[in-house]
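Notes follow the structure.
In listed order, ligands and their atoms are each counted from 1.
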Amino acid sequence: MNNLISKAPSIIKKNLFVTRRVPTEAYTILSKYFNVDIYEEDRTISTETLLDRSKGCEAIMTLSLDVLNKETILDPRFGQIKMISNYGVGLDKLDLVTATKQNILITNTPGVLTSATADLTFSLILALSKRVVESNKLMRKHSIYDQDQFDPQLESLECQSLEKKTLGLIGFGRIGFSVAKRAVSFGMDIIYHARNERKEQAKVVNATYCKTLDQLLINSDFVSIICPGTPQTKDMIGRNEFKLMKKTACLINTARGSIVNEEELISALQSDEIRAAAIDVYTKEPFVPHALRKLQNVILTPHIGSATRQARNDMGILAAQNLIDFFIKRKCPKHAVNKEVFNKI
Ligand code: NAP
């Protein structure tokens, strides 16, 4: 970071709007190079406020949850924006096609949140297998340890060992592969599904490629979704897919809410079509359906894949670096996802 600050040349600063408070280090870097306006509230910004505050700015730094659809991008108040620097890796709420047509460069922050998200995913796999959340709840029930015999509910808490169980990964990119590395040390068998086979990575963790999703679902004890939210992956897991899964299987979604049909998930959990689920992401975040919250066989976390101080700090610095590359160094940021825009400018 010191490097980024000390080399700041005397420049006419561009206006940058940031839609959420960022870690101090990132803010310090950004304010050296930009006139920074930060949305001060700790919640997702409304579209109207985002547009009002973007007016007169050449850059905006967003969170993956901010909706940047066609209407927003084409709104006159967004007219001067030349770059959207996303603080996160998922770009599912951003209309990349419209942004590209408008010659707006888009960047994200891959890599620096990989371990944090893989840690969350694996902690959920462990929590499901050893039934940590249900056990914790039972322990707090007044009567259990006041009596001289165990609560019968405790007896029915049958746990599983991960050894020799099959982990099915839907998505085998940075995070999926990282989850697989963790699973290896627990003695799990790994299978994965993606559009492309990844032979090199698969060799490292002895993973087997499933060309079809069905093949993966039929054979997995734990199905972990870690692919992007795209039109192709929308409702990828629905009624038919739950029917294919083992009755003893667990589903873990730390990718995007749109990938799992939430109503069908609730129904599958209610009817014990699968044993349990652990969910970090939701269809209409931050809204979480009451029916899902009522269920005992699901663990719910509030989209905390990247929520470590280190990951958030590194994401902020990388998002700032992307902006500096473009506006100050006049080079195409490494993490531009529509590089063709840079070549046109
Ligand atoms: P990545 O390195 O780009 O990997 C994505 C994987 O998904 C690849 O294996 C890709 O393989 C596969 N994939 C893409 N489209 C697919 C499709 N239609 N069907 C099956 N597989 C498909 O991305 P990453 O860094 O691992 O991140 C994955 C996702 O995690 C992100 O997009 C983000 O939404 C989510 N995420 C969530 C959190 C959180 O807080 N919960 C934090 C970080 C990231 P092919 O291209 O060969 O299909």
- Indicate, as side chain, backbone, both or neither, the part of Thr233 found under 4.0 angstrom from ligand 1 when only non-hydrogen atoms are considered. side chain
- Give the residue, atom name and distance (to 0.1 Å) of the protein heavy atom nearest atom 42 (C) of ligand 1. Thr117 OG1, 3.3 Å
- Task: Ignoring angles and geometry beyond distance, decide whether Asp280 reaches within less than 3.5 Å of ligand 1 through its nitrogen or oxygen atoms.
- Result: yes
- Message: Given 3.5 Å as the limit, does a donor-acceptor pair link the side chain of Thr230 with the main chain of Thr233, or not?
- Response: yes
- If you count the atoms of ligand 1 from 1 in the order shown, which ones are under 4.0 Å from a heavy atom of Met236? 19 (N), 20 (C)
- Note on the structure: If you compare Thr230, Asn196, Thr114, Val179 by their heavy atoms, the one closest to atom 47 (O) of ligand 1 turns out to be Asn196
- Item | Nearest option to atom 29 (C) of ligand 1, as decided by whichever heavy atom of Cys227, Ala311, Ala307 sits closest | Cys227
- Answer with side chain, backbone, both or neither: which part of Val89 has a heavy atom less than 4.0 angstrom from an atom of ligand 1? side chain
- Salt bridge check: are Asp272 and Lys247 linked by an N-O gap of less than 4.0 Å? no
- Any donor-acceptor pair under 3.5 Å linking the side chain of His335 with the backbone of Asn108? no
- Query: Between Lys70 and Asp95, is the closest basic N to carboxylate O distance under 4.0 Å?
  - Reply: no
- Message: Checking the N or O distance criterion of under 3.5 Å, is ligand 1 in contact with Gly171?
- Response: no
- Message: Salt bridge check, Arg77 against Glu48: does any charged N sit closer than 4.0 Å to a carboxylate O?
- Response: yes
- Short N-O contact, Asp42 and Arg21, less than 4.0 angstrom: yes
- Among all protein heavy atoms, pick the one closest to atom 37 (C) of ligand 1 and tell me residue, atom and distance. Thr254 O, 3.2 Å
- Just need the protein heavy atom nearest to atom 9 (O) of ligand 1, so name the residue and atom and give the distance. Phe172 N, 2.8 Å
- Under 3.5 Å, is there a donor-acceptor pair between the side chain of Thr114 and the main chain of Gly111? yes
- Lys334/Asp325 salt bridge by N-O under 4.0 Å criterion: no
- Message: Which option wins on minimum heavy-atom distance to atom 6 (C) of ligand 1: Gly176, Gly173, Pro110?
- Response: Gly173
- Taking atom 10 (C) of ligand 1 as the point of reference, which of Ser64, Gly257, Ala194, Ser306 owns the nearest heavy atom? Ala194
- Donor-acceptor pair, Tyr192 side chain versus Gly173 backbone, under 3.5 Å? no
- Item | Under-4.0 Å heavy-atom contact with ligand 1, by part of Arg174 that carries it | both
- Task: Pick one of side chain, backbone, both or neither for how Ile226 approaches ligand 1, counting any non-hydrogen atom pair under 4.0 Å.
- Result: both
- Query: Which residue and non-hydrogen atom of the protein lie closest to atom 26 (O) of ligand 1, and at what distance in Å?
  - Reply: Ile175 N, 2.9 Å
